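Numbers restart at 1 for each chain; the letters A, B, ... are given by sequence-line order, proteins then strands. Model, not experiment: these values are computed from the prediction.
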Number of protein chains: 2
Amino acid sequence: MQERTVRFGPLSGYVGYALRRAQLWSVAAYLSAMKEVDLRPTQFSVLILINENPGIRPTEICAALGLQKANFVPLLNELERRALVVRHAGVPDRRSSALHLTPEGKALHERALQLHENWENLVVERLGADGREQLLALLQKLT
Amino acid sequence: MQERTVRFGPLSGYVGYALRRAQLWSVAAYLSAMKEVDLRPTQFSVLILINENPGIRPTEICAALGLQKANFVPLLNELERRALVVRHAGVPDRRSSALHLTPEGKALHERALQLHENWENLVVERLGADGREQLLALLQKLT
DNA sequence: TATTGTTATACTCTATAACTATA
DNA sequence: TATAGTTATAGAGTATAACAATA
């Protein structure tokens with residue numbers, strides 16, 4: 001291959017481009033750190049929400065996480081197939097179901113929290129604790 | 001719907017989650033701002049790289065942007081179909097092609113740069129010029 | 001042999017419309 | 001009539017394997 005130093009031009013200074021590259025790195029590092037529990041980012045988020053809000057209903061989770069309800073169905077089916085989550089009959093509204101973690105789900109959730117700390121530590125290694133807090137504050141301010 | 005304040009628990013403090021939400025907002029705002037030129041983020045990046053590096057070859061673009069060469073083919077086909085980019089015969093290596101912007105491509109590239117400034121201004125509105133620089137530096141340090 | 005561009009393919013994520021059963 | 005969950009489907013984005021032409 002002919003040697004050439006590719007010029008990025010204005011791309012280097014774009015927040016959108018930097019966000020995209022950071023997000024790609026983030027997901028790759030997350031998947032590596034969470035391999036043991038085999039939870040995709042959205043699955044992990046859902047377990048956290050059910051743990052924090054026992055009996056929460058699918059619509060509430062979708063609204064909180066910005067998911068389409070249609071896409072939530074197979075995700076929840078998979079968590080139920082793995083016996084991490086149960087759908088209890090909705091009372092009094094029988095259209096909706098109340099979601100709870102099973103004992104296995106609670107255990108995996110706890111382990112996932114531990115593993116996720118390793119991921120956050122990667123960020124601290126690169127940015128320092130202060131840099132991590134700054135980044136978090138800026139990202140939250142953005143959205 | 002039953003009223004309930006969903007508790008996010010530790011999710012609120014995760015850099016990975018904040019990055020994901022920021023990226024979703026970023027892409028939505030980008031698409032809105034760039035509607036006139038109808039360029040996806042990757043297409044825009046490719047136009048910038050060709051403009052900055054006339055005669056650049058597909059493999060170099062893929063390496064610079066982290067794209068799979070197989071996925072670059074249809075992307076480039078579309079840019080050529082829109083008469084924004086031309087593939088010139090590779091010299092001396094006839095396996096590869098030298099990419100250049102057409103006059104139409106240069107014009108659209110210029111317009112896209114202008115529109116993209118509106119996007120960056122959104123970030124400045126939310127974070128201030130200093131905040132934007134801080135965010136950019138932190139994201140680049142992360143990757 | 002190795003590399004460039006290409007084709008084919010598959011998997012994930014996301015988005016929309018329409019259906020059912022309940023309210 | 002409106003809503004919760006579901007089904008089906010389609011579009012992006014991303015990944016790997018294999019091939020032809022060329023080095």
Judged by nearest nucleotide, the residue sitting upstream toward the 5' end of DNA chain D, A/Arg20 or A/Pro58, is A/Pro58
Between atom [atom1] in [X] and atom [atom2] in [N], what is the gap in whole Å?
{"X": "B/Arg21", "N": "C/dC13", "atom1": "CZ", "atom2": "P", "result": "16 Å"}
{"X": "A/Leu24", "N": "C/dC13", "atom1": "CG", "atom2": "C1'", "result": "13 Å"}
{"X": "B/Leu75", "N": "C/dT6", "atom1": "CG", "atom2": "C1'", "result": "15 Å"}
{"X": "A/Leu76", "N": "D/dA4", "atom1": "CG", "atom2": "P", "result": "16 Å"}
{"X": "B/Glu78", "N": "D/dG11", "atom1": "CD", "atom2": "P", "result": "14 Å"}
{"X": "A/Arg94", "N": "C/dT20", "atom1": "CZ", "atom2": "P", "result": "18 Å"}
{"X": "B/Leu67", "N": "C/dT6", "atom1": "CG", "atom2": "P", "result": "14 Å"}
{"X": "A/Leu31", "N": "D/dT14", "atom1": "CG", "atom2": "P", "result": "14 Å"}

CZ-CG distance between B/Phe72 and B/Asn77, expressed to the nearest 0.5 angstrom
9.5 Å
Working to the nearest 0.5 Å, report the span between OG1 of A/Thr102 and CG of A/Leu84.
5.5 Å
Determine whether any donor atom in the side chain of A/Arg95 lies under 3.5 Å from an acceptor atom in the base of D/dT3, or the reverse, and answer yes or no.
yes
Report the relative orientation of the aromatic rings in A/His116 and A/Phe44; use parallel for angles under 30°, tilted for 30 to 60°, perpendicular for over 60°.
tilted
If you compare all heavy atoms of A/Ser96 against all heavy atoms of A/Arg57, which two are closest, and at what distance to 0.1 Å?
OG-CD, 3.1 Å
Counting heavy atoms from C-beta on, name the nucleotide in C/dT12, D/dA15, D/dG5 closest to the side chain of B/Gln68.
D/dA15
Is there any protein nitrogen or oxygen under 3.5 Å from a nitrogen or oxygen in nucleotides 7-11 of chain C, and what are the pairs?
none

May I ask whether A/Ile61 and A/Val73 are part of the same hydrophobic cluster, defined by side-chain heavy atoms of I, L, V, M, F, W, Y residues being less than 4.5 angstrom apart, directly or through others?
no
Same apolar cluster (I L V M F W Y, side chains within < 4.5 Å links), B/Leu115/B/Leu31
yes
Closer than 4.0 Å, any side-chain N/O of A/Thr59 to the OP1 or OP2 of D/dG5?
yes
Output yes when at least one side-chain N/O atom of B/Arg87 is less than 4.0 Å from OP1 or OP2 of C/dT6, else no.
yes
Using a heavy-atom cut-off of 4.0 Å across all strands, would you classify A/Pro41 as base, sugar-phosphate, or nothing?
nothing
Kindly check if the number of other-residue, nucleotide or ligand heavy atoms within 6.0 Å of CZ (A/Arg111) is above 12?
yes
Taking for each residue the nucleotide of DNA chain C bearing the nearest heavy atom, is the 5' side occupied by B/Asp93 or by A/Thr42?
B/Asp93
